[in-house]
Amino acid sequence: MEIYGTEQVLNNETIAVTVNDLTEAYLNVAGEKAMAENRFRISLEEILLRFRDCYGEEVPCKIICTKKRRKISIEISQEGSRKDWLPCDEDIKLSYDILARLNVSPRYLFSHIGKGRNRVIWEPIPETKSNSMLYYMLASVILAVFVGIIVNSVSSGLHKVLVEEIVSPLFEKSTAILSEFATPLVFFAVIGGIVGIGDVKAFGKIGSKVLLRMLGSYIIAALFLGVGSIFVFNITPSINGTSGETSAVGQIIQMVLDIIPDNLVVPFTTDNDLQVIAISIFIGVTLLLLGNRVSRLNDAVKDISELVNKMMSICCKGLPFIVFFGVVKIISTSNSKQFLSIGKMFVVYIAINAVFMLSMVIRATVVSKVPFKTIFPKQLATLFINITTASQVAALPENMLCCKEKFGIDEKLVNFALPLGIVIYMPSGTIFLGLTAIALSSTFGIPLTIGLLIRILIVCVIVAIAAPPIPGSAVVVMPVLFAACGVPNEAFPLAIIFATIVGYVVPAFNGFNIQLELLMTAKRLNKIDDKKLREKYIKKV
């Protein structure tokens with residue numbers, strides 16, 4: 001069944017009309033299973049713009065939308081010689097990156113009939129509810145508490161068999177599997193993330209400034225976490241808890257040097273996660289510098305990165321099992337008081353993150369010279385999507401709309417910085433990961449020294465950057481953080497429960513912060529329409 005059909009040249013005016021008409025037709029037919037309107041509009045617009053940039057607007061383009069067996073398909077085609085749009089030029093690469101971040105994957109086909117026809121086919125994927133994992137985690141905790149109580153009520157002999165021969169081995173094996181996956185997944189994720197910044201060179205000095213500002217936010221977040229931890233937790237003033245001969249400065253320098261591997265093989269054989277990350281950073285930066293000279297290798301790395309993200313998604317589906325066995329073990333070994341630490345962790349996280357976000361607000365209002373009461377209403381729609389979906393990818397269309405139309409930020413800057421920011425901008429994730437390691441170290445009796453605190457702050461920044469932007473990925477990289485900071489595996493259930501609670505607000509915090517970050521960057525680079533920025537936002541009815 002044909003839903004929509006037209007044939008016309010692609011220019012700015014016809015693209016705008018096509019997007020409006022096809023979006024309306026799609027939403028009417030798709031109904032409740034439709035992709036979010038803003039996401040559909042931006043995806044379709046980017047596909048049409050990229051199609052025009054690749055094939056030109058001289059020859060009429062045919063656009064058809066059909067529905068067959070509940071599947072909706074959009075085909076865009078044009079007569080001409082074969083030209084695959086996937087190996088894109090630098091000029092349209094930003095558009096491709098936006099599609100990739102939106103999880104939109106159009107297919108290219110070529111028909112040899114007549115003069116030949118280049119065809120691009122896109123099948124919009126319906127929105128899925130991302131809070132299903134939350135329900136699974138809650139169910140596993142409730143079931144684990146019930147089973148734990150039963151285990152504690154049986155005879156001592158049976159209790160010993162259940163705990164030592166069933167629960168503990170299953171928990172240890174499940175955490176071991178997660179730990180084994182963590183290192184290679186993070187290794188490829190870091191390389192893929194760095195290679196994905198391939199537009200910086202083409203973008204020039206502006207791209208470098210965007211990256212430096214993002215890195216600056218990580219450092220500020222880590223500093224707030226460090227200061228807050230000193231006030232909340234019992235931190236030993238000495239660098240290592242003793243009066244060792246090595247000075248504090250020497251200890252810190254040694255910690256940094258320990259991250260640098262002596263060779264490229266041993267870190268993999270000894271499971272030295274930090275050194276593996278250092279190697280992945282080195283490889284990624286080298287590939288980034290080589291650029292188009294290793295384009296095939298870069299493409300292969302991107303393909304592997306997609307595979308890594310899928311593997312991480314699969315790993316995350318097994319988290320309820322780890323939580324179940326871990327919670328049963330905690331309850332059956334009379335360590336249930338450890339659950340109280342989760343409440344403290346949540347309060348401390350919200351407090352530290354609130355201070356960090358307040359600093360972002362103050363900086364943004366000072367730099368832009370616009371009151372926050374004018375800025376904040378424009379951010380509300382993106383913030384709501386982030387909170388309800390726990391995904392910056394789902395909120396990307398609205399985020400781009402906010403930055404371009406409501407803030408008036410230069411379109412090219414937004415197209416570059418937002419997709420990049422979704423991957424690497426996670427200062428609130430840094431606070432979350434670092435606080436998890438610090439709080440659980442205290443809970444499980446590990447002496448918290450200034451040296452360990454500094455080590456955690458360094459590692460949490462690296463791991464936060466390495467974690468791909470998918471729900472639950474922070475939990476998958478936690479084994480790297482815990483191994484580097486000496487947190488025992490027994491802490492995983494508490495960490496996962498805490499991550500489940502906080503994980504649904506971290507994307508919202510990061511999305512809120514990146515808007516302010518981009519606002520300040522655009523203001524300093526004079527790439528913003530002050531008139532749009534100062535306009536009060538009035539919601540259209």
Side-chain angles (χ1 to χ4, degrees), residues 190 193 209-233 235 252 255-256 259 274 277 281 345-367 379 383 386 390 392 417-418 420-441 448 450 452-469 473-475 477-478 480-481 484-485 495 498-499 501-521:
V190 172
K209 290 182 179 179
V210 169
L211 286 175
L212 288 174
R213 289 195 64 88
M214 289 183 180
L215 180 60
S217 288
Y218 271 107
I219 295 173
I220 293 173
L223 289 175
F224 277 124
L225 172 61
V227 173
S229 298
I230 291 174
F231 282 102
V232 175
F233 299 98
I235 308 292
I252 295 172
M255 280 189 290
V256 176
I259 298 175
L274 282 184
I277 291 176
I281 293 173
M345 290 163 63
F346 181 77
V347 172
V348 174
Y349 172 76
I350 295 297
I352 295 177
N353 202 74
V355 174
F356 173 72
M357 293 174 69
L358 179 61
S359 72
M360 292 289 295
V361 169
I362 294 173
R363 289 166 56 205
T365 53
V366 170
V367 171
Q379 297 180 275
L383 186 62
N386 269 323
Q392 287 199 69
L418 274 184
L420 176 67
I422 286 178
V423 177
I424 69 170
Y425 188 82
M426 301 181 185
S428 292
T430 297
I431 297 173
F432 154 65
L433 288 168
L435 177 64
T436 302
I438 294 168
L440 292 180
S441 294
L448 283 171
I450 292 293
L452 178 58
L453 178 61
I454 294 173
R455 184 180 185 86
I456 291 175
L457 296 181
I458 294 174
V459 178
C460 72
V461 170
I462 297 174
V463 173
I465 296 174
S473 64
V475 176
V477 299
M478 272 184 183
V480 176
L481 175 65
C485 303
F498 180 57
I501 298 171
V502 176
Y504 282 81
V505 295
V506 170
F509 292 155
N510 285 326
F512 176 85
N513 291 330
I514 197 174
Q515 288 178 327
L516 298 179
E517 194 74 69
L518 192 53
L519 171 62
M520 291 185 284
T521 302

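From a predicted model like this one, the values you see are computed outputs, not experimental measurements.
A distance of 4.5 Å separates CD1 of I514 from CE of M214, quoted to the nearest 0.5 Å. Summarising the geometry, atom CD1 belonging to I220 is positioned 7.5 Å from atom CE belonging to M360; distances are rounded to the nearest 0.5 Å. Rounding to the nearest 0.5 Å places OG1 of T365 at 9.5 Å from CE of M520. In this structure, I456 CD1 and S441 OG are separated by 4.5 Å, a value rounded to the nearest 0.5 Å. The CG atom of L457 sits 11.5 Å away from atom CD1 of I219, with the distance rounded to the nearest 0.5 Å. One distance of note links CZ of F509 with CE of M357; it measures 5.5 Å at 0.5 Å rounding.
Taking the side chain to side chain donor-acceptor pair (under 3.5 Å) definition, one finds that Y425 meets it with S217, E517, sequence neighbours left out. Partners of F432 according to the ring pair (Phe, Tyr, Trp, His ring centres under 6.0 Å) rule, which considers only residues two or more places apart in sequence or in another chain, are F498. Checked against side chain to side chain donor-acceptor pair (under 3.5 Å), T430 has no partners two or more places apart in sequence or in another chain.
A 4.5 Å side-chain heavy-atom check between F233 and L435 finds at least one atom pair inside the cut-off. Between V361 and F512 there is a side-chain heavy-atom pair separated by less than 4.5 Å. Under the 4.5 Å side-chain criterion, counting only non-hydrogen atoms from C-beta, I352 is not in contact with V232. When side chains are defined from C-beta on, Q515 does not count as touching L383, because their heavy atoms never get closer than 4.5 Å. With contacts defined as side-chain heavy-atom distances shorter than 4.5 Å, the pair L453/I230 qualifies.
Taking the six-membered ring for Trp and thresholds of 30 and 60 degrees, F224 and F356 have ring planes more than 60 degrees apart, a perpendicular arrangement.
The minimum heavy-atom distance linking P427 with Y218 is given by the pair N-CE2, 4.0 Å. Nearest heavy-atom pair, C460 versus L225, reported as atom, atom and distance to 0.1 Å: SG-CD2, 4.4 Å. Residue A222 comes nearest to V461 through the heavy atom pair CB-CG2, 4.0 Å, listed as atom of the first residue, atom of the second, then distance. Contact between L481 and A437 at its shortest, heavy atoms only, is CD2-CB, 4.0 Å. Shortest non-hydrogen contact noted between A417 and L518 is CB-CD1, 3.5 Å. In terms of heavy atoms, I438 sits closest to S229 at CD1-OG, 3.3 Å.
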